[in-house]
Number of protein chains: 2
Amino acid sequence: MKILSHRGICVKYQNTMVVKKNPSAHAIRTRRRRTGGVASQPTVGDIARIAGVSTATVSRALNRPETVSPQLRDRVGRVVKELGYLPSGAAKALASNRSFTIGAVVPTLNNAIFSACIAAFESRLSDAGYTLLITVSNYDHSHETQQVRRLLERGVDGMMVVGLDHADATYVTLERANAAYVTIWGYDENSPVPCVGFDNAAAAETVVDHLFALGHRRLAMVAGITRDNDRATARLAGVKRAMQRHNLTMDPGLFMEKPYTHQCGRDAFADLMSLSEPPTAIICGNDVLAMGVMFEANLRGIAIPGEVSITGYDNLPITRHLNPGLTTIDLPSEAIGHAAADVLIANQAEGHPIKSRLFDAPLLVRGTTGPCPGGRR
Amino acid sequence: MKILSHRGICVKYQNTMVVKKNPSAHAIRTRRRRTGGVASQPTVGDIARIAGVSTATVSRALNRPETVSPQLRDRVGRVVKELGYLPSGAAKALASNRSFTIGAVVPTLNNAIFSACIAAFESRLSDAGYTLLITVSNYDHSHETQQVRRLLERGVDGMMVVGLDHADATYVTLERANAAYVTIWGYDENSPVPCVGFDNAAAAETVVDHLFALGHRRLAMVAGITRDNDRATARLAGVKRAMQRHNLTMDPGLFMEKPYTHQCGRDAFADLMSLSEPPTAIICGNDVLAMGVMFEANLRGIAIPGEVSITGYDNLPITRHLNPGLTTIDLPSEAIGHAAADVLIANQAEGHPIKSRLFDAPLLVRGTTGPCPGGRR
DNA sequence: CCTTGTCATGTAAGCGCTTACATGAAAATC
DNA sequence: GATTTTCATGTAAGCGCTTACATGACAAGG
């Protein structure tokens with residue numbers, strides 16, 4: 001822990017003041033330097049001059065060392081190190097039309113499943129020399145359009161957006177800008193846009209099938225908010241479709257939409273249990289809701305799965321440690337993050353087209369689901 | 001869900017091929033356009049020509065509308081909308097020396113406490129028109145240096161790094177680049193670098209005090225890995241300091257460092273309980289470890305806090321729903337994220353110097369701590 | 001009516017890189 | 001030995017913006 005003097009800011013501050021108060025030619029010219037006026041940062045020109053070569057050679061030595069003679073390469077390298085030279089990304093991006101920057105728009109960062117995906121995404125990008133620009137949409141399509149636009153302005157080389165369903169303007173903007181992008185989480189084989197994800201509805205169906213096989217007939221669903229969220233919508237649709245397939249009646253009172261919070265899961269459970277005829281199994285739109293449901297059941301001394309079965313969706317790392325372990329959909333969040341990064345990088349590096357990719361999202365049966373109490377009804 | 005044709009990538013791909021195979025002057029010139037050769041994006045020049053004004057006026061109309069007559073402002077605005085013009089961030093950054101981009105280096109994204117902070121940080125940045133560049137260090141100081149360098153190359157207007165303890169090179173790079181930066185999480189009033197955080201050690205001391213007051217004398221600590229992690233180090237130090245203050249003996253066998261995972265918490269508990277004389281209270285370096293400890297205790301039927309008290313550190317949203325609720329340090333992660341963003345933005349916008357800021361991190365007593373079993377020893 | 005501001009707009013010079021093309025020396029070919 | 005080819009390096013033209021300064025119209029002041 002060695003700490004150097006921290007004066008940069010002050011100087012910068014004072015400099016700004018000077019400029020404001022006394023816009024002399026000199027002050028203005030000074031201000032334009034990259035660092036705000038003080039010790040200006042070295043540029044390729046400086047490196048070139050000191051190393052006694054042209055700027056083109058410096059650029060080549062730095063970006064395609066193999067095209068430069070070893071002596072010059074070393075000479076340039078030495079000067080670069082000596083001066084602590086950092087290339088200007090803006091200038092590079094402007095001149096080369098590549099920013100080595102990739103954008104992502106996620107609905108939220110406060111859900112471990114997205115964080116995990118983003119972490120995987122970032123990790124791959126970082127290894128390939130890219131930096132991640134991240135923005136959050138808060139599950140709001142019109143806000144998302146703004147964020148996409150902003151990322152495009154920042155000159156990202158590619159972009160990842162969550163979900164297939166977006167505002168028209170988002171797609172228009174993306175296509176107009178001729179952007180390289182990939183959607184994640186959802187998968188639709190007929191999708192005209194590339195998607196790296198899984199079939200949310202199909203996975204939800206397997207949950208119902210599992211519960212049906214266990215004898216459950218009275219199923220409830222605590223879905224996420226479906227507005228502007230195609231994943232939540234698809235999961236709900238999957239559950240309904242499977243129930244229809246099994247000829248199960250769907251009591252509207254057993255279907256609800258809740259924000260993805262533990263508290264909402266608890267509230268949902270309380271509501272469901274206060275019904276005259278409570279469900280024997282509760283399908284949750286994600287693990288956070290499922291955990292909330294479990295917590296409330298626990299508090300009320302209602303046995304899981306003895307009295308009620310619970311299912312989640314996501315397979316958050318914590319869910320396997322719960323007691324009993326949560327039966328859930330094992331969502332390949334990391335694989336998706338990696339694949340999304342790979343496809344974007346390959347597109348930039350080798351010009352590979354961005355192709356869709358389907359992942360499995362298998363049902364993971366653990367302890368929260370069991371036979372329907374009282375046998376089949 | 002309206003989906004447009006998705007042809008951009010292919011064209012770009014083909015175009016790259018063309019260029020590679022036939023580097024005619026035309027193909028090359030074409031390739032240089034921002035979009036890769038197809039329909040090129042409009043520029044200020046295009047807007048200016050169509051609106052019948054100069055590029056300077058376009059720039060002013062877009063960035064400082066009040067300096068332009070209403071008619072021209074409208075005229076420019078209309079053309080901008082019509083052409084779907086998106087300014088080039090690279091060109092803006094190069095010309096104005098401002099990127100409207102802020103960087104962050106975090107140890108991991110796979111810990112809800114950081115995600116929450118980042119979410120708060122991003123939210124404030126976004127409101128102010130900034131975009132967040134995020135990189136992760138994986139708790140590795142030398143990797144962190146690389147990431148800082150990369151962010152600087154990308155031309156961030158400011159940067160946030162987690163913790164006060166960093167590699168020399170990190171600080172050297174930061175100062176040399178004259179960067180506006182702030183460290184978060186830790187706070188040290190004597191720090192020469194600005195820090196927005198709380199006193200990790202002091203908070204850890206309050207945990208010990210609380211346990212001591214409950215009669216516990218045999219304390220164990222499951223700390224995080226302290227290497228390259230000043231927060232974990234400070235927490236451990238705080239615990240030791242408080243124990244010394246209370247004249248408690250510190251059995252080395254009761255102190256261990258573990259990665260921040262649930263499983264490690266479980267393992268730690270198993271180890272601790274297999275000791276001939278197990279602790280009556282276990283202080284955990286963070287909530288994830290604490291939850292792991294709780295899960296294992298639960299599995300073994302060991303009563304909390306009847307037989308053993310547990311404390312966490314972070315106050316993750318889930319911890320209040322646990323049964324019993326986890327006694328932990330209420331870490332102001334969102335406030336820190338907001339404050340870090342605010343200070344960086346104010347520095348850019350108004351030239352305010354970046355000042356340190358101290359937050360409270362109070363002990364939150366919930367159900368996992370109780371009187372020492374068997375009274376005081 | 002002339003001067004002096006004031007203000008909206010234009011002109012054009014960069015910002016710091018990349019890279020097409022030019023150049024010239026050395027190597028290869030005839 | 002004259003030629004062509006190859007290759008490392010240099011020259012200089014942008015990339016798409018911002019902005020200092022120039023300009024000219026018009027208003028205000030004398």
Side-chain angles (χ1 to χ4, degrees), chain A residues 19 23-36 40-49 51-73 75-76 80 85-100 153-155, chain B residues 19 23-36 40-49 51-73 75-76 80 85-100 153-155:
Chain A
V19 168
S24 72
H26 175 257
I28 285 162
R29 194 146 305 276
T30 301
R31 189 167 62 76
R32 305 204 68 200
R33 305 318 313 284
R34 183 150 39 122
T35 48
S40 74
Q41 301 300 322
T43 69
V44 269
D46 298 326
I47 307 288
R49 194 163 24 74
V53 298
S54 72
T55 59
T57 299
V58 173
S59 177
R60 280 187 286 251
L62 260 23
N63 301 312
R64 279 164 24 244
E66 73 282 2
T67 65
V68 164
S69 73
Q71 307 93 284
L72 285 196
R73 197 187 307 154
R75 186 131 51 97
V76 169
V80 162
Y85 168 74
L86 281 181
S88 154
K92 289 183 88 129
L94 185 57
S96 69
N97 203 25
R98 295 279 307 280
S99 67
F100 277 94
E153 287 187 12
R154 300 293 184 255
Chain B
V19 168
S24 73
H26 175 257
I28 285 162
R29 194 146 306 274
T30 301
R31 189 170 60 77
R32 305 206 67 202
R33 304 317 315 285
R34 187 148 38 120
T35 46
S40 77
Q41 301 301 321
T43 69
V44 270
D46 298 326
I47 307 288
R49 194 165 22 75
V53 298
S54 72
T55 60
T57 299
V58 173
S59 177
R60 279 187 287 251
L62 259 25
N63 301 312
R64 279 162 25 244
E66 72 282 1
T67 65
V68 164
S69 74
Q71 306 93 286
L72 285 195
R73 199 187 307 155
R75 187 131 50 98
V76 169
V80 162
Y85 168 72
L86 281 181
S88 153
K92 289 183 88 129
L94 185 57
S96 68
N97 202 26
R98 296 277 308 280
S99 67
F100 278 94
E153 287 186 13
R154 300 294 185 254

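Heavy-atom basis, side chains included; hydrogens, waters and symmetry copies ignored. Residue numbers start from 1 in every chain, and the chains themselves are labelled A, B, ... in the order their sequence lines are given, proteins ahead of strands.
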Q. Residues two or more places apart in sequence or in another chain: which of them pass side chain to side chain contact (heavy atoms under 4.5 Å, CB included) with A:Ala51?
A. A:Val53, A:Arg75, A:Val76, A:Val79

Q: Round to the nearest Å and state the distance from A:Asn97 atom CG to C:dT19 atom C1'.
A: 13 Å

Q) Atom CZ of A:Arg154 to atom P of D:dG16: distance rounded to whole Å? A) 18 Å

Q) How far apart are the closest heavy atoms of B:Gly45 and B:Thr55, and which atoms are they? A) CA-CG2, 4.0 Å

With the criterion being N/O to N/O and under 3.5 Å, what pairs connect the protein with nucleotides 6-12 of chain C, and how long is each?
unit_1, atom_1, unit_2, atom_2, d
C:dT9, OP1, B:Ser69, OG, 2.8
C:dT9, OP2, B:Ser69, N, 2.8
C:dT9, OP2, B:Ser69, OG, 3.4
C:dG10, OP2, B:Ser54, N, 2.9
C:dG10, OP2, B:Ser54, OG, 3.0
C:dG10, OP2, B:Thr57, OG1, 2.4
C:dG10, N7, B:Arg60, NH2, 2.8
C:dG10, O6, B:Arg60, NH1, 3.3

Q) Is any side-chain nitrogen or oxygen of A:Asn63 closer than 4.0 Å to OP1 or OP2 of C:dT18? A) yes

**Q.** Nucleotide of D:dG16, C:dT19, C:dC17 approaching B:Ala95 most closely (side-chain heavy atoms)
**A.** D:dG16

Q) Rounded to the nearest Å, what distance is computed from the CD atom of residue B:Glu153 to the P atom of nucleotide C:dG16? A) 15 Å

**Q.** Closest approach of A:Glu66 to A:Arg73 (non-hydrogen atoms, all atoms of both residues)
**A.** CA-NH2, 4.3 Å

Q) Within less than 4.0 Å of OP1 or OP2 of D:dC17, is there a side-chain N or O belonging to B:Ser88? A) no

Q. Below 4.0 angstrom from OP1 or OP2 of C:dC17, is there any side-chain N or O of A:Ser59?
A. no

**Q.** Separation of atom CZ in A:Arg64 from atom P in D:dA8, rounded to whole Å
**A.** 11 Å

Q: Work out how much the helix from C:dC1-D:dG30 to C:dC30-D:dG1 bends between its end axes, five pairs an end, to the nearest 10 degrees.
A: 40°

**Q.** Protein-nucleotide distance (B:Lys92, atom NZ; D:dC15, atom P), rounded to Å
**A.** 19 Å

Q | Result of checking B:Ile47, B:Leu72, B:Thr43 against B:Val58 for side-chain contact (heavy atoms from CB on, under 4.5 Å) | A | B:Ile47

Q: For B:Asp46 and D:dG16, give me the distance from atom CG to atom P, rounded to whole Å.
A: 9 Å

Q | A:Arg60: side chain to side chain contact (heavy atoms under 4.5 Å, CB included) partners, not counting sequence neighbours | A | A:Ala56, A:Thr57, A:Thr67, A:Val68

Q.
What is the distance, to the nearest angstrom, from the CG atom on B:Leu94 to the C1' atom on C:dG14?
A. 9 Å

Q.
Holding to side chain to side chain donor-acceptor pair (under 3.5 Å), I want the full list of residues that pass it with A:Ser59, two or more places apart in sequence or in another chain.
A. A:Asn63

Q | A:Arg98: partners by side chain to side chain contact (heavy atoms under 4.5 Å, CB included), with sequence neighbours left out | A | A:Ser96, A:Phe100, A:Tyr130, A:Asp157, A:Gln348

Q: Send over the distance from B:Gln41 CD to D:dG16 P, rounded to a whole Å.
A: 10 Å

Q.
Please give me the minimum heavy-atom distance between A:Ala93 and B:Ala90, naming the atom from each residue.
A. CB-CB, 3.7 Å

Q.
For a quick test of reading the model, state the closest non-hydrogen atom pair linking B:Ser99 to B:Gly155 and the distance between them.
A. OG-O, 2.7 Å

